[in-house]
Amino acid sequence: MTAAVAKPTIGIIGTGAIGGFYGVMLARAGFDVHFLLRSEFSAVAEHGLHIDSAPHGALTLNPVQAYSSAEDMPPCDWLLVGAKTTSNAGLAPAIIQAAAPNAKVLLLQNGLDVEDSLRALLPDTLHLLGGLCLICVHRTGPGAITHQALGAVNVGYHSGPAGDEQARMAIVEEGAGLFRSAGIDSQAMANLQQARWQKLVWNIPYNGLSVLLGAGTTALMADADSRELIKALMAEVVRGAKACGHDMPAGYADYLFMMTEKMPDYWPSMHHDFLHKRPLELAAIYARPLAVAKAAGCELPRIDALYRSLSFIDRRNT
Ligand SMILES: NC(=O)C1=CN([C@@H]2O[C@H](COP(=O)(O)OP(=O)(O)OC[C@H]3O[C@@H](n4cnc5c(N)ncnc54)[C@H](OP(=O)(O)O)[C@@H]3O)[C@@H](O)[C@H]2O)C=CC1
Ligand SMILES: CC(C)(CO)C(=O)C(=O)O
């Protein structure tokens, strides 16, 4: 008789739209999930987490194992970080506090090299991974999340004690397996940088233009000029990725463009940050890709112009 394998304990560091959605899905699938919150702690501890999901219907988790301090959390085998990249460096103490020995820390965030600022602050015993979420979710109030569409998570290994490629892929597969067992599509990615560049083909045009032009995806896709701008920006991302050694799959930008036409009207998370006067994720989504492409000899003038416009807006907004 084989002994049953214990399910890992999961900690959510930053329970916003992404952390809340995936945490609730994992808890509903039977995982022991613990949620670290900040401004919404009291509301969630009292009333739970509520997701209004177009694909899944109304999902409620109540009671929630909610914490306002990582010191109170049990040791977690997996930590899913759902905070914005702008707070990464400040999250290290909470991650270290909540991590079981040899824990896997998975950053569910957009952008390039977002793991780097944390890696230097984490012990070598912790595995660090990145997850790219293809999903449309946003917060509508304390503990309330609207899930409009999609949901897949692509997982890749960044750094840590895994000795070789086989050990790294085993951990990545384990991470993808968590999501799959909660009914969420998830792929194990052999190359995290490649996966991050692929996601940027969408985020660089749409996140920034939603702020600059004050428009969601439906309006952006309905106008001839914004369509041309999106295509030109996507082409630059593909060029930047190639210069850095990451060939995008053939027709990838066209695929994302067509996918967006079929999406419900969606306002990227950068637009929500702008509305709520929170810092925009400009370093991860624009500055870093521009810098690494430039170091590889590739100038991306349209992306640079978009980045400078957003930097102006961000400085006056926060
Ligand atoms: N929303 C989406 O559809 C998608 C988002 N992404 C990416 O996912 C990441 C997360 O985005 P999203 O979920 O939208 O962001 P949200 O703003 O909804 O959530 C961020 C959460 O992190 C919390 N937080 C930040 N710092 C701390 C801290 N020190 N301690 C505890 N909690 C903290 C915030 O708390 P507080 O309320 O107090 O600020 C908030 O609840 C981003 O990188 C984004 O680009 C990727 C794909 C799709
Ligand atoms: C690209 C999208 C909308 C899902 O495809 C997303 O995941 C994002 O906003 O970052």
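Starting from 1, each residue takes its place in the sequence as its number. Everything quoted here is computed from the prediction, not taken from an experiment. When a ligand or atom number is given, it counts from 1 through the structure's own listing order.
Within the 4.0 Å heavy-atom cutoff, His138 does not count among the residues contacting ligand 1. The closest approach between Cys133 and ligand 2 falls below 4.0 Å for a heavy atom of the residue. Between Phe21 and ligand 1 there is no heavy-atom distance shorter than 4.0 Å. Distances shorter than 4.0 angstrom occur between a heavy atom of Cys133 and an atom of ligand 1. The closest approach between any non-hydrogen atom of Lys199 and ligand 1 is below 4.0 Å.
Residue Ile135 has at least one nitrogen or oxygen atom sitting less than 3.5 Å from a nitrogen or oxygen atom of ligand 2, judged on distance alone. Between Thr15 and ligand 1, at least one pair of N/O atoms sits closer than 3.5 Å. The N/O atoms of Arg38, backbone and side chain alike, include one that comes under 3.5 Å of an N/O atom in ligand 1.
Only the side chain of Tyr266 comes within contact range of ligand 2, with a heavy atom under 4.0 Å; no backbone atom does. Contact annotation for Thr260 and ligand 2: no heavy atom of the residue comes within less than 4.0 Å of the ligand. Counting heavy atoms under 4.0 Å from ligand 2, residue Asn203 touches it through the side chain alone.
Each of the atoms 1 (N), 5 (C), 14 (O), 44 (C), 45 (O) of ligand 1 lies under 4.0 Å from some heavy atom of Ser269. Each of the atoms 5 (O) of ligand 2 lies under 4.0 Å from some heavy atom of Met259. Short contacts between ligand 2 and Leu134, defined as distances under 4.0 Å to a heavy atom of the residue, involve ligand atoms 4 (C), 5 (O), 7 (O). Proximity to Asn110 (heavy-atom distance under 4.0 Å) selects the following atoms of ligand 2: 10 (O). Of all atoms in ligand 1, numbered sequentially from 1 with element shown, those under 4.0 Å from a heavy atom of Ile135 are 3 (O), 48 (C).
Here the protein heavy atom with the shortest distance to atom 10 (C) of ligand 1 is Gly82 O, 3.4 Å. Closest to atom 3 (O) of ligand 1, if we only count protein heavy atoms, is Tyr266 OH, 2.8 Å. The protein heavy-atom contact nearest to atom 28 (C) of ligand 1 is Leu91 CD2, 3.7 Å. Atom 6 (N) of ligand 1 has as its closest protein heavy atom Asn110 ND2, 3.3 Å. The nearest heavy-atom contact from the protein to atom 23 (C) of ligand 1 is Gly14 CA, 3.7 Å. Protein heavy atom at the shortest distance from atom 44 (C) of ligand 1 is Glu281 OE1, 3.4 Å. Of all protein heavy atoms, the one lying nearest to atom 19 (O) of ligand 1 is Gly16 CA, 3.2 Å. Scanning all protein heavy atoms for the shortest distance to atom 1 (C) of ligand 2 gives Trp202 CD2, 3.1 Å. From the protein, the heavy atom lying nearest to atom 13 (O) of ligand 1 is Ile18 N, 2.8 Å.
Arg139 contributes no side-chain N or O that, together with a main-chain N or O of Ile145, makes up a donor-acceptor pair within less than 3.5 Å. A donor-acceptor pair under 3.5 Å is absent between the side-chain atoms of His272 and the main chain of Phe274, judged by distance alone.
One finds the OG1 atom of Thr318 at 11.5 Å from the CZ atom of Arg316 (value rounded to the nearest 0.5 Å). With rounding to the nearest 0.5 Å, the separation of CD1 in Ile303 from CD in Glu236 is 4.5 Å.
Salt bridge Glu281/Arg288: absent, no basic N to carboxylate O contact under 4.0 Å.
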For this session: Check the pair Trp78, Leu129 against side-chain contact (heavy atoms from CB on, under 4.5 Å), reporting the backbone distance first and the verdict last.
Result: CA-CA 10 Å; Trp78 278 87; Leu129 295 91; 4.2 Å; yes
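With 3.5 Å as the limit, one finds a donor-acceptor pair spanning the side chains of Gln193 and Asp113.
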